[in-house]
Amino acid sequence: KPENINLFDGITKLIWSYGDDVYYSVEIKGSYDSGNLFRYMTTSSINTGGKEKSDIRFWVNFGDGTVMTPYLTRSGGNIGYGTLFDYEPERALSDNFAAYLKNLIDKYIDF
(Lines give C-alpha, C1' and ligand atoms only; values in the text may rest on other atoms or scores of the structure.)
Protein backbone atom coordinates (compact mmCIF):
# COMPACT_ATOMS: atom_id res chain seq x y z
CA LYS A 1 0.00 0.00 0.00
CA PRO A 2 1.30 3.48 -0.79
CA GLU A 3 0.86 4.72 2.78
CA ASN A 4 3.45 2.13 3.87
CA ILE A 5 6.17 3.65 1.65
CA ASN A 6 8.24 6.16 3.62
CA LEU A 7 8.76 9.18 1.36
CA PHE A 8 10.82 11.10 3.95
CA ASP A 9 13.61 8.63 4.83
CA GLY A 10 16.35 10.29 2.76
CA ILE A 11 16.57 7.35 0.32
CA THR A 12 15.72 7.69 -3.37
CA LYS A 13 13.06 5.19 -4.38
CA LEU A 14 11.60 4.01 -7.67
CA ILE A 15 7.96 3.10 -7.10
CA TRP A 16 5.60 1.48 -9.55
CA SER A 17 2.11 0.05 -9.64
CA TYR A 18 0.43 -2.48 -11.93
CA GLY A 19 -2.98 -1.89 -10.48
CA ASP A 20 -4.93 0.25 -8.10
CA ASP A 21 -3.87 -1.50 -4.89
CA VAL A 22 -0.54 -3.15 -5.71
CA TYR A 23 2.60 -1.03 -5.28
CA TYR A 24 6.26 -1.99 -5.54
CA SER A 25 9.28 -0.01 -4.43
CA VAL A 26 13.04 -0.35 -4.71
CA GLU A 27 15.57 1.80 -2.89
CA ILE A 28 18.14 3.39 -5.18
CA LYS A 29 21.07 3.45 -2.80
CA GLY A 30 23.89 4.73 -4.98
CA SER A 31 24.29 8.47 -5.50
CA TYR A 32 25.45 7.73 -9.06
CA ASP A 33 22.22 5.83 -9.86
CA SER A 34 20.08 8.40 -8.07
CA GLY A 35 21.70 11.22 -10.04
CA ASN A 36 21.33 9.34 -13.32
CA LEU A 37 17.67 8.69 -12.61
CA PHE A 38 17.07 12.39 -11.99
CA ARG A 39 18.95 13.32 -15.20
CA TYR A 40 16.99 10.80 -17.25
CA MET A 41 13.72 12.19 -15.92
CA THR A 42 14.60 15.75 -16.85
CA THR A 43 16.13 15.23 -20.30
CA SER A 44 15.04 14.32 -23.79
CA SER A 45 15.35 10.59 -23.08
CA ILE A 46 11.58 10.66 -22.82
CA ASN A 47 9.35 10.75 -25.89
CA THR A 48 7.36 13.98 -25.74
CA GLY A 49 5.71 13.36 -29.11
CA GLY A 50 2.67 11.52 -27.87
CA LYS A 51 0.77 10.14 -24.96
CA GLU A 52 0.83 6.45 -24.30
CA LYS A 53 -1.58 4.85 -21.88
CA SER A 54 0.19 2.25 -19.77
CA ASP A 55 -0.99 -0.15 -17.11
CA ILE A 56 2.22 0.55 -15.21
CA ARG A 57 2.51 3.82 -13.32
CA PHE A 58 5.91 5.04 -12.09
CA TRP A 59 6.94 7.54 -9.44
CA VAL A 60 10.35 8.57 -8.18
CA ASN A 61 10.80 9.79 -4.62
CA PHE A 62 14.05 11.52 -3.69
CA GLY A 63 13.70 10.79 0.04
CA ASP A 64 12.69 14.31 1.01
CA GLY A 65 8.99 13.90 0.22
CA THR A 66 9.35 15.10 -3.38
CA VAL A 67 7.59 12.79 -5.85
CA MET A 68 7.92 12.93 -9.63
CA THR A 69 6.79 10.67 -12.45
CA PRO A 70 8.52 10.28 -15.82
CA TYR A 71 5.12 10.34 -17.53
CA LEU A 72 4.62 14.03 -16.73
CA THR A 73 6.60 17.04 -17.84
CA ARG A 74 8.61 18.44 -14.94
CA SER A 75 6.76 21.47 -13.59
CA GLY A 76 5.51 22.73 -10.26
CA GLY A 77 2.06 21.29 -10.83
CA ASN A 78 3.44 17.89 -11.74
CA ILE A 79 5.62 17.40 -8.68
CA GLY A 80 3.98 16.00 -5.57
CA TYR A 81 5.05 16.27 -1.97
CA GLY A 82 4.56 13.52 0.58
CA THR A 83 2.14 11.43 -1.45
CA LEU A 84 1.92 9.30 -4.57
CA PHE A 85 -0.48 11.04 -6.91
CA ASP A 86 -2.71 9.85 -9.71
CA TYR A 87 -2.03 11.18 -13.19
CA GLU A 88 -2.81 10.92 -16.87
CA PRO A 89 0.40 10.61 -18.91
CA GLU A 90 1.64 13.65 -20.83
CA ARG A 91 4.50 11.82 -22.48
CA ALA A 92 5.68 8.29 -23.18
CA LEU A 93 8.86 6.61 -22.05
CA SER A 94 11.43 6.13 -24.78
CA ASP A 95 12.70 2.60 -25.36
CA ASN A 96 16.05 3.62 -23.84
CA PHE A 97 14.47 5.04 -20.70
CA ALA A 98 12.17 2.02 -20.28
CA ALA A 99 15.22 -0.28 -20.58
CA TYR A 100 17.08 1.89 -18.05
CA LEU A 101 14.21 1.60 -15.55
CA LYS A 102 14.08 -2.18 -16.00
CA ASN A 103 17.84 -2.47 -15.46
CA LEU A 104 17.66 -0.24 -12.38
CA ILE A 105 14.84 -2.32 -10.90
CA ASP A 106 16.72 -5.55 -11.65
CA LYS A 107 19.85 -4.13 -10.02
CA TYR A 108 18.18 -3.16 -6.75
CA ILE A 109 15.25 -5.54 -6.37
CA ASP A 110 15.57 -8.00 -3.53
CA PHE A 111 14.22 -11.40 -4.51
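Excluded from the calculations below are hydrogen atoms, water molecules and symmetry mates; all remaining heavy atoms, backbone and side chain alike, are included. Sequence positions, counted from 1, serve as the residue numbers for this chain.
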Item to check | Atom of I79, atom of R74 and distance for their closest heavy-atom approach | outcome: CD1-CG, 4.1 Å
Checklist entry - Do L101 and I11 belong to the same hydrophobic cluster, where Ile, Leu, Val, Met, Phe, Trp and Tyr are linked whenever their side-chain heavy atoms lie under 4.5 Å apart, directly or via other members? => result no
Checklist entry - Rounded to the nearest 0.5 Å, how far does CG of L104 lie from CZ of F97? => result 9.0 Å
Checklist entry - What's the verdict on side-chain contact (heavy atoms from CB on, under 4.5 Å) for I109 and Y24, showing C-alpha distance, side-chain angles and the deciding distance? => result CA-CA 10 Å; I109 199 154; Y24 303 89; over 6 Å; no
Item to check | Main-chain N/O of L72 paired to N78 side chain as donor or acceptor, under 3.5 Å | outcome: no
Checklist entry - Would a distance-only check, ignoring hydrogens and angles, find a side-chain to backbone donor-acceptor pair under 3.5 Å from N61 to I15? => result no
Item to check | Closest heavy-atom pair and its distance - L37, Y100 | outcome: N-OH, 3.4 Å
Checklist entry - Taking atom CZ of R39 and atom OG of S34, what is their separation to the nearest 0.5 Å? => result 9.0 Å
Next on the checklist: Quick one: does any side-chain atom of E27 pair with a main-chain N or O of K13 as donor and acceptor, under 3.5 Å?
Outcome noted: no
Next on the checklist: Let's go through Y108 and I28 carefully: what are the C-alpha distance in whole Å and the side-chain angles of both, what is the deciding distance for side-chain contact (heavy atoms from CB on, under 4.5 Å) to 0.1 Å, and is it a yes or a no?
Outcome noted: CA-CA 7 Å; Y108 286 102; I28 309 301; 3.7 Å; yes
Next on the checklist: Give me the atom names and distance for the closest heavy-atom approach of R57 to Y71.
Outcome noted: CA-CE1, 4.2 Å
Checklist entry - Within the distance-only criterion (no hydrogens, no angle test), does the side chain of W59 pair as donor or acceptor with the backbone N or O of F85 below 3.5 angstrom? => result yes
Checklist entry - Going through the distances and angles, do V67 and L7 end up as a side-chain contact (heavy atoms from CB on, under 4.5 Å)? => result CA-CA 8 Å; V67 179; L7 302 176; 4.0 Å; yes
Next on the checklist: Run the side-chain contact (heavy atoms from CB on, under 4.5 Å) test on I105 and L14 for me, step by step, so that the C-alpha distance in whole Å, both residues' side-chain angles and the decisive distance to 0.1 Å come before the verdict.
Outcome noted: CA-CA 8 Å; I105 290 167; L14 177 59; 3.5 Å; yes
Item to check | Aromatic ring proximity, centroids under 6.0 angstrom, Y23 and Y18 | outcome: no
Next on the checklist: Under 4.5 Å between side-chain heavy atoms, counting indirect links through other Ile/Leu/Val/Met/Phe/Trp/Tyr residues: same cluster for V22 and F58 or not?
Outcome noted: yes
Next on the checklist: I'd like to know if D33 and K29 make a salt bridge, using a cut-off of under 4.0 Å between side-chain N and carboxylate O.
Outcome noted: no
Item to check | All salt bridge (Lys or Arg N to Asp or Glu O under 4.0 Å) counterparts of D64, not counting sequence neighbours | outcome: none
Item to check | Output field: ring centroids F8/F62 closer than 6.0 Å | outcome: no
Checklist entry - Say you draw a straight line from NZ of K102 to NZ of K107; how long is it, rounded to the nearest 0.5 Å? => result 14.5 Å
